[in-house]
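Quick notes on the structure that follows.
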Amino acid sequence: MHGNGRKKLEIYKMRKKILITGGAGFIGSHVVRLFVNKYPEYDIVNLDYLTYAGNLGNIKDVVEAPNYSFEKLDIADASAVNALFKEQHFDGIIHLAAESHVDRSIENPMSFVLTNVIGTVNLLNAAREQWKGKMDGKRFYHISTDEVYGSLGKEGFFLETTAYDPNSPYSASKASSDHFVRSYGETYDLPYVLTNCSNNYGPNQFPEKLIPLFINNIRNNKSLPVYGDGMYTRDWLYVLDHALAIDLVYHSGKNTETYNIGGFNEWTNIDLIRLLCGIMDKKLGRAEGTSVKLITYVKDRPGHDRRYAIDASKINEELGWKPTVTFQEGLAATVQWYLENEEWLNSVTSGDYQNYYSSMYSKRS
Ligand code: NAD
Ligand code: TYD
């Protein structure tokens, strides 16, 4: 073979094809952007069904990249998943596609079973079939949540060894998918790695979750529906720090290991909301104390977990990861992004969103 041909072959051998599922969603879009830009030698295939939460506008800056392609597909559809795996061979899978909102899971648990449980098992089956007899160098990376561990009291943290104790249909479906991933490792030697992360926030998060919903309501002078007594506690992590952790675990995590990812950043909802109101007043040029007046205590979420807090020492000590963005910086950047991207916010809050909002929140008054 001529020198040039050999070189081409070597480059071909070096190329890796990675399937990222849910890459049009909130966290997935940041992971796709990071991988497409950082690894031009990888082919990144973004699989997403573009549900209400998926939006190709989230990754409009990378869709023209030569190492990026898109597949619109429902992971709950086994034959569609199998057909994709017949057509394309993947070296790795980073699985983020999911139904992700607790309140929606209370209204419609079955869609969570279909996507989160059956969808994950469909991907596991397809990966197992494709990698049969050649598992070396392959990796199935399942992205999960700290909510599988249930609720903490005032003290303590979730460790990787904490027993699963999910309380919502969302966390039950994620717990189930985590168990399936582990079982495929034990039973079929599927090379997997799993992470459980705390609450994310940042640009491109759909305004059904606390922070973007409240940013949108403040900007529109709408009431801020605080569930129960507002003393529920979450551990918040900036989405780019989660994407960096995913990059690290994908490349350096050990097979069959679980890593907890968290922000070392606990806030009660009411303190966080007051902080957000202050930032918004400044950015919108409103008098101090204007937005807190929008706070309205409403009927609680059923099965509401009191406190989540992650002990992220394992990923810190073994892989050297820690958050790079403080909460004050991350929250200010997030507010700035939503105010600068009104078109995005207006487009995702038109149509169906209005029906969602009135049906979800009319029950709470
Ligand atoms: P998201 O709801 O913003 O995005 C989910 C994406 O999955 C969307 O693009 C949607 O179109 C796609 N999708 C949904 N059903 C699908 C189906 N049947 N087939 C193919 N695609 C489908 O979610 P997110 O907040 O970005 O969360 C991503 C992952 O991270 C989820 O697995 C979630 O459980 C996990 N996670 C989220 C958080 C958080 O705070 N948001 C924290 C820890 C873990
Ligand atoms: P959310 O963003 O839905 O994330 P999760 O339930 O997965 O942690 O909610 C974060 C916290 O904010 C949770 O304790 C519920 C509370 N919350 C409200 O008080 N009002 C709201 O309108 C929403 C969406 C959430």
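Numbering of ligands and ligand atoms starts at 1, following listing order. No experiment lies behind these values; they were computed from the predicted model shown. FYI, the numbering just counts along the sequence from 1.
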Which segment of Y170 sits under 4.0 Å of ligand 1 when only heavy atoms are counted:
side chain
Give a yes or no on whether the ring-centroid distance for F90 and F85 is below 6.0 angstrom.
yes
How does L73 reach ligand 1, if at all, at less than 4.0 Å between non-hydrogen atoms: by side chain, backbone, both, or neither?
backbone
What part of V298 sits under 4.0 Å from ligand 2 if we count only heavy atoms: the side chain, the backbone, both or neither?
neither
Closest approach of any protein heavy atom to atom 12 (O) of ligand 2, naming residue and atom
N269 ND2, 3.4 Å
List the closest protein heavy-atom neighbour of atom 16 (C) of ligand 1: residue, atom name, distance to the nearest 0.1 Å.
T115 CG2, 3.8 Å
Could you identify the single nearest non-hydrogen protein atom to atom 19 (O) of ligand 2 and state the distance to 0.1 Å?
Y227 N, 2.9 Å
Which heavy atom of the protein is the closest neighbour of atom 38 (C) of ligand 1, given with residue, atom name and distance?
I27 CD1, 3.6 Å
To which protein heavy atom is atom 42 (C) of ligand 1 closest, and what is the distance rounded to 0.1 Å?
S198 O, 3.3 Å
Part of L50 within contact of ligand 1 (heavy atoms, under 4.0 Å):
backbone
Residue and atom name of the nearest protein heavy atom (relative to atom 20 (N) of ligand 2), distance in Å to one decimal
P225 O, 2.8 Å
Sub-6.0 Å ring centroid separation between F206 and H101
no
Within the 4.0 Å heavy-atom shell around S144, which atoms of ligand 1 are there?
43 (C), 44 (C)
Ignoring hydrogens and angles, state whether a donor on the side chain of S29 or N204 is under 3.5 Å from an acceptor on the partner side chain.
no
Where ligand 2 meets V226 - atom numbers and elements under 4.0 angstrom, heavy-atom basis
19 (O)
Using a 6.0 Å cut-off, check whether atom CZ of F180 has over 12 heavy atoms from anything other than its own residue.
no
For atom 5 (P) of ligand 2, tell me which residue out of E147, M231, Q205 has the closest non-hydrogen atom.
E147
the protein heavy atom lying closest to atom 31 (C) of ligand 1 turns out to be L96 O, 3.2 Å
Would you mind checking which non-hydrogen protein atom is closest to atom 5 (C) of ligand 1, with the distance to 0.1 Å?
A98 O, 3.4 Å
Pair T195, Y141: side-chain N/O donor-acceptor within cut-off below 3.5 Å:
yes
Mode of Y361 contact toward ligand 2 - side chain, backbone, both, neither (heavy atoms, under 4.0 Å)
side chain
Logged contact type for R234 with ligand 2, heavy-atom cut-off 4.0 Å, is side chain
Test of understanding: given a 4.0 Å heavy-atom threshold, classify the contact between K174 and ligand 1 as side chain, backbone, both, or neither.
side chain
For ligand 2, which atoms have a heavy atom of H101 less than 4.0 angstrom away?
3 (O)
In terms of its nearest heavy atom to atom 15 (C) of ligand 2, the top option of R306, H304, R364 is H304
Check ligand 1 against I143 and write out every atom of the ligand that is under 4.0 Å from a heavy-atom position of the residue.
30 (O), 32 (O)
Verify whether the ring centers belonging to Y42 and H251 lie closer than 6.0 Å.
yes
Report the nearest protein non-hydrogen atom to atom 21 (N) of ligand 1: residue, atom name, distance rounded to 0.1 Å.
Y49 N, 3.1 Å
Verify whether one side chain among N116 and Y170 offers a donor that lies under 3.5 Å from an acceptor in the other.
no
Are N46 and Y68 close enough that a side-chain donor and a side-chain acceptor fall under 3.5 Å?
yes
With no hydrogens and no angle check, just 3.5 Å: does a side-chain donor-acceptor pair link Y308 and N199?
no
Looking only at distance, does E99 have an N or O less than 3.5 Å from an N or O of ligand 1?
no
Tell me, which protein residue and heavy-atom name are nearest atom 9 (O) of ligand 1, and how many Å apart are they?
D48 OD2, 2.6 Å
So, does G23 sit close enough to ligand 1 that a heavy atom of it is under 4.0 Å from the ligand?
no
Out of all atoms in ligand 1, which are within 4.0 Å of some heavy atom of N199? Include the element for each.
40 (O)
Counting heavy atoms only, name the option from M360, R301, K209, R307 that's nearest to atom 9 (O) of ligand 2.
R301
Under 4.0 angstrom from ligand 1, any heavy atom of A24?
yes
Among all protein non-hydrogen atoms, which one is nearest to atom 2 (O) of ligand 2, and what is the separation to 0.1 Å?
L210 N, 2.9 Å
Between D103 and K363, is there a side-chain N and carboxylate O pair less than 4.0 Å apart?
no
Consider only side-chain heavy atoms of I, L, V, M, F, W and Y, link residues closer than 4.5 Å, and tell whether L331 and I218 are in one cluster.
yes
Are Y259 and W321, when compared by the centres of their aromatic rings, separated by less than 6.0 Å?
no
Identify, for atom 40 (O) of ligand 1, the protein heavy atom at the shortest distance, and state residue, atom and that distance.
N200 N, 2.8 Å
Atom 4 (O) of ligand 2 - nearest protein heavy atom and its distance:
N199 ND2, 3.4 Å
Do I94 and F35 touch side chain to side chain, with heavy atoms closer than 4.5 Å?
yes
